[in-house]
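To find a chain, count down the sequence lines: A is the first, B the second, and so on, and within it residues start at 1.
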There are 2 protein chains.
Amino acid sequence: MKPRITLKKIASEFGVSISTVSKALKGSHEISEEVRERIQAYADYYNYKPNNLALQLRNQKTSVIGVIIPEIVHHFFSTVIDGIEHYANQKGYNVMVCVSNESYEKEVLNFNVLTNGSVDGLIVSVARETQENQKFDHFKSLTKDEFPLVLFDRIIDEINCDKVVIDDVGGGYKAANHLMEVGAKRIALITTEDYVTVGSLRKQGYLKALKNKGITIDESLIYYIDDSKNLYQQIEKVINVPNPPDAILAVNEIYAANALIIAKERGLSIPNDIAIIGFTSGLISEFTSPPLTCVEQHGYLMGEQAAELLINRIENTAPKDFQKEVISTNLKIRKSTFIDG
Amino acid sequence: MKPRITLKKIASEFGVSISTVSKALKGSHEISEEVRERIQAYADYYNYKPNNLALQLRNQKTSVIGVIIPEIVHHFFSTVIDGIEHYANQKGYNVMVCVSNESYEKEVLNFNVLTNGSVDGLIVSVARETQENQKFDHFKSLTKDEFPLVLFDRIIDEINCDKVVIDDVGGGYKAANHLMEVGAKRIALITTEDYVTVGSLRKQGYLKALKNKGITIDESLIYYIDDSKNLYQQIEKVINVPNPPDAILAVNEIYAANALIIAKERGLSIPNDIAIIGFTSGLISEFTSPPLTCVEQHGYLMGEQAAELLINRIENTAPKDFQKEVISTNLKIRKSTFIDG
DNA sequence: CTGTTAGCGCGTTCAT
DNA sequence: ATGAACGCGCTAACAG
């Protein structure tokens, strides 16, 4: 790659000082018109652009936001990034994306790289392994230095920073209520292990809805999926039982879509024999047969809000107390739970 | 945010020079053991880390790769990013992702930001608008300066740089052949406008396969979708005709899934009345009913290869001539085209 | 009008 | 064993 042109080179070319060139290119009125135009023409010709690194170092500001997410091949997370990108660009920031791959070690690595001056702030959704082992020291050392940080979706309560979450309890509640409204009596819940906060919160919503209607919780209807094992086999156990449930609430789209397929294989009619509802994050729900009713999560909005909180924090236009924004969900009713007369 | 600790501060704290501190923290044997240990302890306590910007400026190397893609909420592109991330991290690079949103203007903007010293090289998939208007000056000025650049998927033939593409012609060919093998006589093609290179290449494969079998091309069976208009209505016209085709080849997953739904609504049996095949990029194909046969694209591998080409170029370990890697596709046969006896 | 100086944070000769 | 000086590229306060 050819070396880029610098102020220094231009200056030596014209036999003037570096600062003269700098001023000329900024259109300063301190510089004579003639000199300014000649310098400008030369700079244009050689396509001069100020070196960003130098500017960032000088200004002590990168205008870059770091984002650390567990996975990128995931509709929900990519939607959030899209929202972050959009808001950030609008405010003159760029985005640097790193993937933790659900690994604690990789997350810490990403922390180290990004907080060494490369970014003005960080937006993070916590890796599963980190959640599981409750190792939060890297977060704590960040907040101790008041480094601008926003947690989203998978958050940590004990860390003091701005946060954005989905109303997961409300989503689970709405979903379970809807199932009861369409006549379900025995609603199975397919959820994650409890240390995954979002799964646990959605379960809370489910429990709350049932209790509200005076239904006693049947623990045998709650299934905890281990994502490292075979999904199909685990979900089969929900349906291939002597007395299958008449409704399923799954905490994500993949679980729901698998349940749907297994139910059909077993010859159950949906929603008549069994109604199914999921939390959506992708496009699958639209294209199953029948299409799946789901709780919509609004990841894009979440990303925008996270970016807004962070940039306000960076630019010191935020209130001193940390905010916690809650993104509400809504039900998208499709034919897996309800057939329009 | 609290100011970060610097060599300068440590130096003044100990009453020594900056370079002494620098050497001490690098474990240089020029520094007496005693001083070194005291400085090290102090630095550890205050969690000293060298400022990346300063290092980058000094070393004239950022170890960051810029990526510009048309969309991020797109399974194929996020898979590619994943591959780029993986390979890049392994080689000590980080990734900065920008989205052009299919807009020429945004693409140029991203170019300007990223090529100002922030990254060592760029991996790009061209925005639709740029392809449509054939405005490639920003690419040309980059290659003129020998800036490390890799194009992937949506490439530009006339730009001299390393490239990675899917074997789109081969994919279209395999797909059409498969349809003929399972007995299709009248294969409709649902494709994009021709300026979208990948659509046009897949069409070429389709044409080649048909000609190979001595079938005359029926232009009325080729449908060009305008993505800015209603998808469902456009695809309806393929199927809701007096004499519908007995097979459909769609150049992406969404087109295929829509075709499947419309065919079922019309009461056609799949694959008996009509076989359907798509190019996959997401998870939809697995969960439709019946599941969709598709051409698999291996985006992750594509990302890895793109990153490898770029890093070799950056580190001057690449051959002088530009490479063009072709990622081959394979058919994933499911029940939308073939029912296993 | 133009130039000098200093500083952002770091590493690296080259002196002492 | 330690430090001074320089350069990476840029801007801004200050001097002339």
Side-chain angles (χ1 to χ4, degrees), chain A residues 1-40 42-43 46-64 112-113 115-120 145, chain B residues 1-40 42-43 46-64 112-113 115-120 145:
Chain A
M1 166 169 148
K2 290 187 191 163
R4 292 164 43 92
I5 189 132
T6 65
L7 291 185
K8 191 179 174 182
K9 280 186 214 147
I10 302 180
S12 79
E13 194 67 29
F14 282 81
V16 297
S17 78
I18 294 176
S19 64
T20 301
V21 179
S22 172
K23 286 174 190 165
L25 293 178
K26 299 190 105 60
S28 161
H29 289 288
E30 288 183 27
I31 308 295
S32 73
E33 187 135 349
E34 187 226 330
V35 174
R36 202 173 65 207
E37 282 174 3
R38 282 174 52 219
I39 291 181
Q40 185 67 60
Y42 184 91
Y46 285 103
N47 195 20
Y48 170 80
K49 293 177 214 153
N51 181 317
N52 240 320
L53 290 179
L55 286 180
Q56 292 176 14
L57 182 59
R58 172 162 222 295
N59 300 333
Q60 298 290 77
K61 170 149 182 71
T62 64
S63 293
V64 175
N112 288 335
V113 177
T115 59
N116 275 238
S118 303
V119 302
D120 291 341
D145 294 338
Chain B
M1 166 170 150
K2 290 185 188 162
R4 292 164 44 91
I5 189 133
T6 65
L7 291 184
K8 190 177 175 183
K9 279 186 214 148
I10 301 181
S12 78
E13 194 68 28
F14 282 82
V16 296
S17 77
I18 293 176
S19 61
T20 301
V21 178
S22 171
K23 287 173 189 168
L25 293 179
K26 299 193 102 58
S28 161
H29 289 289
E30 286 183 29
I31 307 295
S32 74
E33 188 135 348
E34 187 228 331
V35 175
R36 202 173 63 208
E37 281 174 4
R38 282 174 51 218
I39 290 181
Q40 185 66 60
Y42 185 90
Y46 285 103
N47 195 21
Y48 170 79
K49 292 179 215 152
N51 181 317
N52 241 321
L53 290 178
L55 287 180
Q56 292 176 13
L57 183 58
R58 176 168 217 293
N59 300 332
Q60 297 290 78
K61 169 149 184 70
T62 63
S63 294
V64 175
N112 288 336
V113 178
T115 59
N116 276 259
S118 303
V119 302
D120 291 340
D145 294 338

Asker: From the list D:dC10, D:dT2, C:dT12, which nucleotide is the closest neighbour of the side chain of B:Ser22?
Answerer: C:dT12

Asker: Of the candidate nucleotides D:dG3, C:dT2, C:dG9, which contains the atom at the shortest distance from the side chain of A:Ile31?
Answerer: C:dT2

Asker: From C-beta outward on A:Leu7, which listed nucleotide comes closest to its side chain: D:dC10, C:dC10, D:dG3?
Answerer: D:dC10

Asker: Run the salt-bridge test on B:Lys9 and B:Glu13 with the 4.0 Å N-O cut-off and return the result as yes or no.
Answerer: no

Asker: To the nearest 0.5 Å, what is the distance between CD (A:Glu33) and CZ (A:Arg38)?
Answerer: 13.5 Å

Asker: Looking for any heavy atom pair under 4.0 Å, which part of the strands does B:Ile18 touch: base, sugar-phosphate only, or nothing?
Answerer: nothing

Asker: C:dG3 base to A:Lys23 side chain: any donor-acceptor pair below 3.5 Å?
Answerer: yes

Asker: How many Å lie between CG on B:Asn59 and C1' on D:dG9, as a whole number?
Answerer: 14 Å

Asker: Assess whether one donor atom and one acceptor atom, taken from the side chain of B:Ser19 and the base of D:dA5, lie less than 3.5 Å apart.
Answerer: no

Asker: Which nucleotide, D:dC8, D:dG9, C:dT2, lies nearest any side-chain atom of A:Asn51?
Answerer: D:dG9

Asker: Using the closest heavy atom to pick a nucleotide of DNA chain D for each, name whichever of A:Leu53 or B:Glu33 lands nearer the 5' end.
Answerer: B:Glu33

Asker: Would you mind telling me which of C:dG3, C:dC10, D:dT2 lies closest to the side-chain atoms of B:Thr6?
Answerer: C:dC10

Asker: Identify which nucleotide among D:dC8, D:dG9, C:dG3 has an atom closest to any side-chain atom of A:Thr20, counting heavy atoms from C-beta outward.
Answerer: C:dG3

Asker: Distance check needed: D:dG7 C1' versus A:Lys9 NZ, whole Å only.
Answerer: 14 Å

Asker: Taking CD from B:Gln56 and P from D:dG9, how many angstroms apart are they, rounded to a whole number?
Answerer: 14 Å

Asker: Grab the NZ-P distance between A:Lys8 and D:dT11 for me, whole Å please.
Answerer: 16 Å

Asker: If I take atom CG from residue B:Leu57 and atom OG1 from residue B:Thr62, how far apart are they, to the nearest 0.5 angstrom?
Answerer: 11.5 Å

Asker: Without decimals, in angstroms, what is the distance between A:Ile5 CD1 and D:dC8 C1'?
Answerer: 16 Å

Asker: Quick one: label B:Glu30 by what it contacts on the DNA or RNA (base, sugar-phosphate, nothing), any heavy atom closer than 4.0 Å.
Answerer: base

Asker: For A:Ile39 and C:dG3, give me the distance from atom CD1 to atom C1', rounded to whole Å.
Answerer: 13 Å

Asker: How many angstroms lie between atom OG1 of A:Thr20 and atom CG of A:Leu25, to the nearest 0.5 angstrom?
Answerer: 10.5 Å

Asker: Rounded to the nearest angstrom, tell me the gap between atom CG in A:Leu55 and atom C1' in D:dA12.
Answerer: 13 Å

Asker: Look at the side chain of A:Ser32 against the base of C:dT2 and say whether a donor-acceptor pair falls under 3.5 Å; ignore hydrogens and angles.
Answerer: no

Asker: Is A:Asp120 reaching over with its side chain to a backbone N or O of A:Lys61, donor-acceptor style, under 3.5 angstrom?
Answerer: no

Asker: Has A:Tyr48 got a side-chain N or O lying under 4.0 Å from the OP1 or OP2 atom of D:dC10?
Answerer: yes

Asker: Mind calculating the distance between CZ (A:Phe14) and C1' (C:dG3) to the nearest angstrom?
Answerer: 17 Å

Asker: So do the side chains of B:Lys23 and B:Arg36 get within less than 4.5 Å of each other, counting heavy atoms only?
Answerer: no

